[in-house]
Asker: 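What follows is a structure written as structure tokens; I'll ask about it next.
Source: prediction; values computed, not measured.
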Amino acid sequence: MCGIIGYVGLGKASQIITDGLKRLEYRGYDSVGIAVLKNKKFELRKDKGMVGEVSSQLEFTTMDGNIGIGHTRWATHGVVCTENAHPHFDCNKTVVLAHNGVIENFLQLKKGLNGHKFSSETDSEVVAHIFEENLKLLSPEEAFLTTISSLGGSYAIAALSTNDPEERLFIARRNSPLIIGVGKGEMFCASDIPAMLPYTRSFIHLEEGDRAILSKSGYTIYDPEGKKINREIITVDWNFDVAQKGGYSHFMLKEIHDQEHFIGQTLHSETDKAKVMIDKFEKIHILAAGTSYHSALLFSYLLSEKGKIAQAFVASDYQFIGKPDEKTLVIAISQSGETADVLQALRYASKSKKIAITNTIGSTITRISDETILLNAGPEVGVAATKTFTSQMAIIYKIIYGKVKLSALQKLIATMLECEESVRKIAPLLAKKSNVFFIARGKNVPIAYEASLKFKEITYISSEAYPGGELKHGTLSLITEGVPVIVLAPNDQTLSKLAGNIQEAKARGAMILSITDDPETAKISYQSIQIPKCDPLLYPFALIIPLQLLAYHVSIERGINPDRPRNLAKSVTVE
Ligand code: F6R
């Protein structure tokens with residue numbers, strides 16, 4: 001939610017920041033802005049719209065200067081308009097600031113700022129004015145640290161001040177991600193690593209409540225009490241290419257195709273220590289949100305099969321219904337490792353041992369867990385999670401069944417990707433519909449939920465998923481002539497019961513589209529995608545690939561940009 005980037009060095013700040021904003025756009029894309037400091041004066045350009053359009057209309061890269069900040073917005077406080085876009089000035093343009101998060105005490109803080117003139121409706125602007133106020137009495141360092149100490153809620157902040165003779169970048173974070181990029185003679189900060197990948201591979205993940213001051217020659221980090229502190233520098237071996245579209249029209253399509261390659265990397269991830277912990281506990285809670293919740297659900301089914309008392313929880317509701325104690329192992333699954341709902345739920349489980357499954361090395365989730373499993377799927381830029389879902393499943397399968405069982409997985413994914421042409425032919429048919437249903441049974445149900453989420457998220461067509469047996473308990477009333485029912489029908493123990501559900505839907509006129517390796521099911525379907533001969537254990541992987549492709553191609557057919565679905569952002573760092 002919102003992307004921030006800051007730069008100080010000898011390079012052209014506006015160019016580096018504009019490029020970085022393009023790579024951060026998945027975090028929010030309703031407005032964008034940039035501010036550069038030169039000769040003790042700020043130049044600020046911002047507007048509503050996407051990074052590409054606004055940056056070329058306002059000619060961001062013509063701005064001169066070697067220090068600056070940029071922001072791409074996902075609105076929380078205040079409508080989408082130029083004034084509410086970041087960065088924000090104070091009254092006298094001595095401070096400029098970009099913020100991601102929610103300043104929960106902003107109204108209270110605003111009341112104490114008599115005489116200050118506000119230009120936006122945002123909670124963020126108040127921070128610029130407090131900084132301005134503190135600069136009247138204190139040095140720039142002290143003024144910034146004092147400003148941050150007064151803030152409640154969540155924030156990742158990057159600020160500059162004309163009062164600072166050394167021209168440095170002031171940054172802080174709490175409950176919103178902010179990472180320092182350590183360069184040679186230059187320093188960066190950004191909400192996520194891909195924004196800085198072209199310039200450095202050395203990063204520092206700030207801890208909760210940390211503040212830092214960056215100059216071209218180095219950095220100083222302060223802990224929440226204002227004491228200077230060292231934080232570990234990590235080196236990532238991500239190739240810059242993984243954060244590029246690489247010839248594909250969208251990140252989502254690239255990432256769907258990437259699955260064939262990244263799955264091998266995921267299967268090398270270290271899972272032994274976590275497995276030892278899992279074996280020790282009888283009661284296991286798995287917490288996650290969105291797509292990751294569907295992995296959690298699958299995990300809970302597989303653990304229950306092994307005799308564990310396992311339950312998956314939607315992270316945002318865990319505080320109301322979960323009762324974790326020291327006898328409960330808590331596993332949190334989060335691609336980004338920064339989802340506020342997941343972090344909040346993990347903190348709620350304070351008495352429990354915790355395992356994190358994440359794609360993001362050094363992310364907050366890894367720091368509040370006892371053990372971490374990394375997905376090693378490479379950065380995922382498309383807002384709709386694809387390759388990280390299959391990676392999460394692969395990790396879960398490795399824990400439950402062992403790596404050997406997954407030896408044929410890469411080949412299976414490659415074969416399923418070959419069905420793209422058939423999927424493309426079905427897409428125009430679905431693009432005209434207003435309702436779509438997905439049905440499955442047993443362990444395939446979480447895959448149906450995930451397929452439905454993917455579908456509605458990027459096609460804006462209403463979609464629902466059910467265990468097939470549930471249709472007759474209410475949903476059948478919605479199945480009329482021509483309504484598409486997409487059936488996940490591998491030839492496993494669920495098929496005979498699912499066959500009955502297909503007939504129930506067909507009898508009401510449903511248009512059955514199936515993904516199956518059963519010739520009979522294919523025959524009674526309007527259209528069918530073929531699953532190749534494979535180990536039945538791997539069916540969930542075979543099912544999800546064509547369904548991701550289906551969501552993608554229907555989205556394209558409807559003229560939607562699947563990488564930028566409306567109202568959404570990739571990393572949801574507000575509760
Ligand atoms: C959907 C999607 C979201 C995320 C959810 C959790 O395609 O990507 O539903 O799965 O916001 O994100 P993480 O896994 O980063 O915690």
Side-chain angles (χ1 to χ4, degrees), residues 291 294 297-298 384 389 416 419-531 539-558:
T291 288
H294 301 140
L297 207 55
L298 180 66
F389 179 67
M416 288 315 294
C419 72
E420 186 163 5
E421 218 22 66
S422 319
V423 169
R424 211 195 295 263
K425 284 188 192 134
I426 300 174
L429 204 73
L430 290 179
K432 294 190 199 84
K433 303 286 179 181
S434 50
N435 271 319
V436 173
F437 295 90
F438 293 81
I439 58 168
R441 299 201 64 152
K443 276 177 276 186
N444 304 321
V445 171
I447 310 300
Y449 290 154
E450 171 56 11
S452 169
L453 174 64
K454 214 85 311 171
F455 197 83
K456 70 180 85 161
E457 185 182 10
I458 59 168
T459 68
Y460 311 158
I461 296 172
S462 171
S463 83
E464 292 177 40
Y466 294 97
E470 279 291 287
L471 283 187
K472 59 186 178 295
H473 296 291
T475 309
L476 264 186
S477 65
L478 293 173
I479 311 286
T480 53
E481 196 59 39
V483 169
V485 175
I486 300 174
V487 191
L488 285 65
N491 197 351
D492 59 14
Q493 74 275 28
T494 66
L495 188 64
S496 58
K497 294 286 181 203
L498 197 59
N501 307 138
I502 296 173
Q503 291 305 341
E504 285 160 10
K506 244 180 110 89
R508 272 95 193 159
M511 185 177 89
I512 303 292
L513 303 169
S514 63
I515 302 169
T516 190
D517 47 354
D518 172 54
E520 281 312 303
T521 306
K523 214 186 287 167
I524 58 165
S525 304
Y526 182 78
Q527 298 270 355
S528 186
I529 307 266
Q530 168 85 33
I531 300 176
Y539 277 141
F541 295 91
L543 293 168
I544 193 60
I545 307 284
L547 293 171
Q548 291 171 342
L549 285 168
L550 187 68
Y552 173 82
H553 284 292
V554 174
S555 173
I556 298 298
E557 196 65 37
R558 287 170 64 86

Asker: Answer with yes or no whether the side chains of Asp517 and Tyr539 bring together a donor and an acceptor at under 3.5 Å.
Answerer: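 Tyr539 vs Asp517: donor-acceptor pair found between side chains.
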Asker: Please report the C-alpha distance between Val485 and Leu513 in whole Å, then the side-chain angles of each, then the deciding distance to 0.1 Å, and finally whether the side chain to side chain contact (heavy atoms under 4.5 Å, CB included) criterion is met.
Answerer: CA-CA 6 Å; Val485 175; Leu513 303 169; over 6 Å; no
Asker: From Lys523 NZ over to Thr516 OG1, what is the distance, rounded to the nearest 0.5 angstrom?
Answerer: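 One gets 12.5 Å once the value is rounded to the nearest 0.5 Å.
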Asker: What are the two closest heavy atoms between Glu557 and Pro428, and how far apart are they?
Answerer: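 Scanning both residues completely, I find the closest heavy atoms to be CG-CA, 3.7 Å.
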Asker: Look only at the side chain of Lys433 and the backbone of Gly482, and say whether a donor-acceptor pair between them is shorter than 3.5 Å.
Answerer: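 Indeed, once roles are kept as given, a pair shorter than 3.5 Å links the two residues.
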Asker: Go through the steps for Leu478 and Val483 under the test side chain to side chain contact (heavy atoms under 4.5 Å, CB included), then give the verdict.
Answerer: CA-CA 8 Å; Leu478 293 173; Val483 169; over 6 Å; no
Asker: Say whether, by atom type as modelled, one donor and one acceptor occur between the side chain of Ser528 and the main chain of Ser525 under 3.5 angstrom.
Answerer: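 Pair absent, no side-chain N/O of Ser528 close to backbone of Ser525.
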Asker: Could you tell me the separation between the CD1 atom of Ile502 and the CD atom of Glu520, rounded to the nearest 0.5 Å?
Answerer: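 Ile502 atom CD1 to Glu520 atom CD measures 11.0 Å (nearest 0.5 Å).
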Asker: Show, in sequence, the C-alpha distance, side-chain angles and deciding distance for Tyr552 and Val423, and conclude whether the side chain to side chain contact (heavy atoms under 4.5 Å, CB included) test is met.
Answerer: CA-CA 10 Å; Tyr552 173 82; Val423 169; over 6 Å; no
Asker: To the nearest 0.5 Å, tell me how far Thr291 OG1 sits from Phe389 CZ.
Answerer: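 So the gap between those two atoms works out to 7.0 Å.
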Asker: Do you know the tightest heavy-atom contact between Val554 and Ala431?
Answerer: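 Between these two residues, the closest heavy atoms are CG1-CA, 3.8 Å.
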Asker: Examine distances only and state if a side-chain atom of Arg508 and a backbone atom of Thr480 form a donor-acceptor pair shorter than 3.5 Å.
Answerer: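 The answer is no, because no donor-acceptor pair under 3.5 Å joins these two groups.
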Asker: How about Tyr466 and Phe438: are their ring centroids closer than 6.0 Å?
Answerer: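 That pair fails the under 6.0 Å test.
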Asker: Using side-chain heavy atoms (C-beta onward) and a distance below 4.5 Å, is Glu470 in contact with Pro467?
Answerer: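 The answer is yes, as the side chains (C-beta and beyond) meet within the 4.5 Å cut-off.
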Asker: Does NZ in Lys497 sit with more than 12 non-hydrogen atoms of other residues, nucleotides or ligands closer than 6.0 Å?
Answerer: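 Check fails, neighbour count at 12 or below.
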Asker: Which atom names give the shortest non-hydrogen contact between Ala465 and Ala448, and what distance separates them?
Answerer: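 Looking at all heavy atoms of both residues, the closest pair is CB-O, 3.4 Å.
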Asker: If we count only N and O atoms by modelled type, under 3.5 Å, do the side chains of Ser514 and Thr521 hold a donor and an acceptor together?
Answerer: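 Distance-only check fails for Ser514 and Thr521.
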Asker: From Ile515 CD1 over to Cys419 SG, what is the distance, rounded to the nearest 0.5 angstrom?
Answerer: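 Interatomic distance, Ile515 CD1 to Cys419 SG, rounded to 0.5 Å: 7.5 Å.
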Asker: Grab the two heavy atoms, one from Ser477 and one from Gly474, that are nearest each other, plus how far apart they are.
Answerer: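 Where Ser477 meets Gly474 most closely, the heavy atoms are OG-O, 3.0 Å.
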Asker: CD/Gln548 to CE/Met416 distance, rounded to the nearest 0.5 angstrom?
Answerer: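 So the gap between those two atoms works out to 11.0 Å.
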Asker: So, are Glu450 and Lys454 salt-bridged, with charged N and O less than 4.0 Å apart?
Answerer: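 Counted as a salt bridge, because a side-chain N and a carboxylate O are separated by less than 4.0 Å.
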Asker: Give a yes or no on this: more than 12 heavy atoms of other residues, nucleotides or ligands lie within 6.0 Å of atom OH of Tyr460.
Answerer: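 Result for OH/Tyr460: enclosed.
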Asker: Checking side chain to side chain contact (heavy atoms under 4.5 Å, CB included) between Asn435 and each of Ser463, Ser462, Pro484, which is the one that passes?
Answerer: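 Of the listed options, the one satisfying the test is Ser462.
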Asker: Please give me the minimum heavy-atom distance between Ile439 and Gly468, naming the atom from each residue.
Answerer: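 That would be CB-CA, 4.0 Å.
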Asker: For a quick test of reading the model, state the closest non-hydrogen atom pair linking Gly469 to Asn501 and the distance between them.
Answerer: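 Where Gly469 meets Asn501 most closely, the heavy atoms are N-OD1, 3.6 Å.
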Asker: Show your working on side chain to side chain contact (heavy atoms under 4.5 Å, CB included) between Ile486 and Leu550 and close with a plain yes or no.
Answerer: CA-CA 11 Å; Ile486 300 174; Leu550 187 68; 3.7 Å; yes
Asker: Testing Val436, Ile479, Leu430 one by one against Met511 for a side chain to side chain contact (heavy atoms under 4.5 Å, CB included), which residue passes?
Answerer: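 The residue from Val436, Ile479, Leu430 that satisfies side chain to side chain contact (heavy atoms under 4.5 Å, CB included) with Met511 turns out to be Leu430.
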Asker: Taking atom CG of Asp518 and atom CG of Leu498, what is their separation to the nearest 0.5 Å?
Answerer: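 So the gap between those two atoms works out to 10.0 Å.
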Asker: Among all residues two or more places apart in sequence or in another chain, which pass the side-chain contact (heavy atoms from CB on, under 4.5 Å) test with Thr494?
Answerer: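 Expected list: Arg441, Asn444, Asp492.
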Asker: If only side-chain N and O atoms count, and only distance matters, is there a donor-acceptor pair under 3.5 Å linking Thr459 with Ser555?
Answerer: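 There is no such pair (donor and acceptor under 3.5 Å, judged by atom type) between the side chains of Ser555 and Thr459.
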Asker: Donor-acceptor pair, Lys506 side chain versus Ile524 backbone, under 3.5 Å?
Answerer: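 Checking the backbone N and O of Ile524 against the side chain of Lys506, a donor-acceptor pair under 3.5 Å is found.
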